[in-house]
Amino acid sequence: MDVDGEEYHQNQVSIQRSSSPVQRASSVPHRLPHFTVGYVYSQDMMLHSSATGEHPEQPERISRIRTAIRDANLLQKMKQIPIRPVKRDEALLVHSQEHWHKVLAIQSMTPSEIFESEAYYESLSLYVTSGTTRAARLSCGGVIEACLAVARGELKKTFAIVRPPGHHAEPEEHMGFCFFNNVAVAAKVTQFLTPVRKILILDWDVHHGNGTQRAFNDDPSVLYISLHRYERGQFYPCGPFGSLESCGEGAGLGYSVNIPWPKKGMTDADYIHAFQQIVMPIGMEFAPDLVIISAGFDAAVGDDLGECFVSPAGYAHMTHMLSGLAGGNLVVALEGGYNLDSISNSSLAVARVLLGEAPPELPPMVASEAGTETVWQVAMEQSKYWKSVNPKACEPREEVDEISFSIPEILKGHRQHFLYTQYQMLQVPLMTKMFEERFGSQVMCTSDFLQNPTIIVFVHEFGNLRIELDGKPTCDVQMENSYLIDFSKELISWVTKEKYALLDVNVFPRPFASPLPRGHKHVESWSRDVLTYLWDNYIQLSGAKNIIFIGHGPGCHALMELMESRPVGMIRYVNTVIQVVGNMNIPLIPKDADELRAWYSKNSLVIVHPEHPAFAPEARILKRHGRVLQIEESKPIKLIMKGLPLIQDHIRQSLVGKPR
């Protein structure tokens, strides 16, 4: 058992006193203290120390935290949990065998090898010493023991005062001050050894826990929620993985929740607002068996790396709220935090809440404009997966009239009016409440739709300003949206001249509609489902002999979803599929759909931006991409207008020899 010497001596004295003759003769039986809260700590984790002593991830981080809790007379109210190194089989639940050997090899490095490898480890934001391996193994093993103590019912709450941190460590790589992913490994071990199945990991470290999300990205049994500085992917660990659209994959889609702050300087008000609108509603709906906080304190006031302003009281309130989940079963595992005063004061505030104290009162406060906007955008994204998230409740509001409308709704209403008055196009009724709520008035057709032998189906997301805005400083909404109006004029004029029918489908759902049922697993599920509904109930039952699909922007992915769900009908009835992708990802036909892939490669036209990543030297165009063509137009929003003559010619070619 790795126990601090002073603590062990105090325990020995206590035992000796309890066995004195006076106490044995007392009529009141002596009872050992009953602990409900525990902690993990070992001085051996301080063996990992940079040669210069100037690295922010310094050994004193944990000793200062322990001292602060001890000096507040709280340590005696907490049971010290024996610590031990992580075992190989435990680490391999998350990390590769190569990664395990890589960390173990550090302990055998000579001083000269450590010196020579300094540049390599610095490139990974790491430093190593002879004590690194032991410290990393103890840190990971300590979090495991903290979790098992709660999961087995031995304690209600625990605080793992450990280092080095872990949430940046990925299955194949150590990085960002982290060697093993302590929390991820502990969660896996806990699920393996105890009845605990559903775990919520709340990561309030100022950096995104890329390693933790990666470990559970496709796992619906672990809900990962992270609040972090993102700044368009420019803040460490950088890249799009911590964006609000990064929601997991496969079975785990919807179980990763990122709240990406766009700037430094976020405050208690921003974090509490995010907790009230996103974290707690999703947490209660998920109903975990155990909550683990990846508790980095680098968003704390005074931390020069995080540059935010979360107070000890703010951390206390967040801890208090999370204590209301999972029957109070809560583990706090230290991650980052590099100002010694900030980290010790914040940890002390958290420890007080773990021991049952009420959090300090916060002054009146209002979330910042950046905070409210971010939370609203996250709510829009997460309402696709969680019924309890209500974007309407956290919509940023100015002092406006209650009957005001959003710009996307005005734009879509204008387009509907334009199609009706100029071309007498009619609204297609949607017979289910879910579709009518989201897409009512957004599906229009020409009056000859059910009789015409040739139908053009145009699928798009008009009104989605996030997709359509060109990114220029002016962001002129009228200019940015006029291209689709102009294209509609040209397309409908040409369709009328050629005597075809047109079905216009706007698959950008109305905002603030009630969330979809939990079974809808794909981000594009709204678009896919309404298209499938139209296919089954209108297009396939019409008198059309020729069907041409035109997808634009996100509508292309909706079309691909339809093809995957109705491959036989597509091959049998559809002449061609035209996808104006622009600079978005090119949709792919699934690998195992051989017949559909062969058909699509011959009967598709995919139009892309001239600098599309698919044409980068390291990229490769596959048959599953379809027939891909570049059009020399620098602005993606104008690509569809520039490509209209090519689209018209391609449609004519697809109809050669077909009944008209």
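Hydrogens, waters and symmetry mates play no part in the numbers below; they use all other heavy atoms, side chains included.
By the 6.0 Å and 45° rule, Lys79 does not stack over the aromatic ring of Tyr39.
Under the 3.5 Å distance criterion, the side-chain polar atoms of Asn345 are left unmatched by any main-chain donor or acceptor of Ser342. His317 places no side-chain N or O within 3.5 Å of a backbone atom of Ile272 that could act as its donor or acceptor partner. Put simply, the side chain of Asp298 never gets that close to the backbone of Gly306: no donor and acceptor are under 3.5 Å apart. Between the Thr132 side chain and the Thr129 main chain, a donor and an acceptor come within less than 3.5 Å of each other. No donor-acceptor pair under 3.5 Å is formed between the side chain of Lys157 and the backbone N or O of Val150. Put simply, the side chain of Trp376 never gets that close to the backbone of Lys392: no donor and acceptor are under 3.5 Å apart. Not a single donor-acceptor pair under 3.5 Å links the side chain of Tyr271 to the backbone N or O of Met266. A donor-acceptor contact shorter than 3.5 Å is absent between the side chain of Ser323 and the backbone of Gly328. Under a 3.5 Å cut-off, the side chain of Lys156 and the backbone N or O of Val37 do not form any donor-acceptor pair.
One distance of note links CG of Leu124 with NE2 of His168; it measures 12.5 Å at 0.5 Å rounding. Taking OG of Ser50 as the reference point, atom CD of Glu118 lies at 9.5 Å (rounded to 0.5 Å). Taking CZ of Arg214 as the reference point, atom OG of Ser256 lies at 10.5 Å (rounded to 0.5 Å). Thr190 OG1 to Asp289 CG: the interatomic distance, rounded to the nearest 0.5 Å, is 11.0 Å. Taking CD1 of Ile81 as the reference point, atom OG of Ser42 lies at 13.5 Å (rounded to 0.5 Å). Here the OG-CD distance, from Ser125 to Glu57, works out to 12.0 Å after rounding to the nearest 0.5 Å.
In plain terms, the two heavy atoms of Gly254 and Trp386 that are nearest each other are O-NE1, 2.9 Å. The shortest non-hydrogen separation linking Leu362 to Ala313 is CD2-CB, 3.6 Å. Looking at every heavy atom in both residues, Ala160 comes nearest to Val143 through CB-CG2, 4.0 Å. The two residues Tyr338 and Gln58 make their nearest non-hydrogen contact at O-NE2, 4.1 Å. Across all their heavy atoms, Glu172 and His99 have their closest contact at C-ND1, 3.7 Å. Minimum interatomic distance between Pro237 and Met175 (heavy atoms only, all atoms of both residues): CB-CE, 4.4 Å.
A side-chain donor-acceptor contact under 3.5 Å links Asp268 and Ser311. Between His208 and Asn210, the side chains place no donor N or O within less than 3.5 Å of an acceptor N or O (distance only, hydrogens not considered). Side chain to side chain, Ser246 and Gln213 meet the donor-acceptor criterion of an N or O pair below 3.5 Å. Side-chain polar atoms of Asn258 and Glu381 form no donor-acceptor pair below 3.5 angstrom.
Ion pairing of Arg134 with Asp44 is present here, as a side-chain N (NZ or NE/NH1/NH2) and a carboxylate O approach within less than 4.0 Å. With respect to Arg84 and Glu90, a salt bridge is recorded, a charged nitrogen being found less than 4.0 Å from a carboxylate O.
Annotation: side chain of Pro260 is not in contact with side chain of Ser243 (no heavy-atom distance under 4.5 Å).
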Evaluate the salt bridge (Lys or Arg N to Asp or Glu O under 4.0 Å) criterion for residues Lys102 and Glu173: first the C-alpha distance (whole Å), next the side-chain angles of each, then the deciding distance (0.1 Å), finally the verdict. CA-CA 9 Å; Lys102 190 160 47 176; Glu173 189 62 274; 3.1 Å; yes
Would Leu305 and Val206 satisfy side-chain contact (heavy atoms from CB on, under 4.5 Å), going step by step from the backbone distance to the final call? CA-CA 9 Å; Leu305 266 69; Val206 80; 6.0 Å; no
Please assess Trp204 against Phe275 for the test ring pair (Phe, Tyr, Trp, His ring centres under 6.0 Å), listing each intermediate value before the final yes or no. CA-CA 11 Å; Trp204 68 40; Phe275 261 66; 7.0 Å; no
Report the C-alpha distance between Arg70 and Gln76 in whole Å, list the side-chain angles of each, state the deciding distance to 0.1 Å, and finish with yes or no for side-chain hydrogen bond (donor to acceptor under 3.5 Å, both in side chains). CA-CA 7 Å; Arg70 184 199 64 194; Gln76 60 192 0; over 6 Å; no
Verify salt bridge (Lys or Arg N to Asp or Glu O under 4.0 Å) between Glu231 and Lys263, making sure each step is shown before the conclusion. CA-CA 6 Å; Glu231 299 171 29; Lys263 55 187 285 188; over 6 Å; no
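Between Phe235 and His207, the angle of the ring planes stays under 30°, which puts this pair in the parallel group of the 30/60° scheme. A tilted orientation is assigned to the rings of Trp100 and Phe180, their planes being inclined by 30° to 60°.
Applying the side chain to side chain donor-acceptor pair (under 3.5 Å) test between His167 and each of Asp203, Asn182, Asn181 identifies Asp203 as the sole match.
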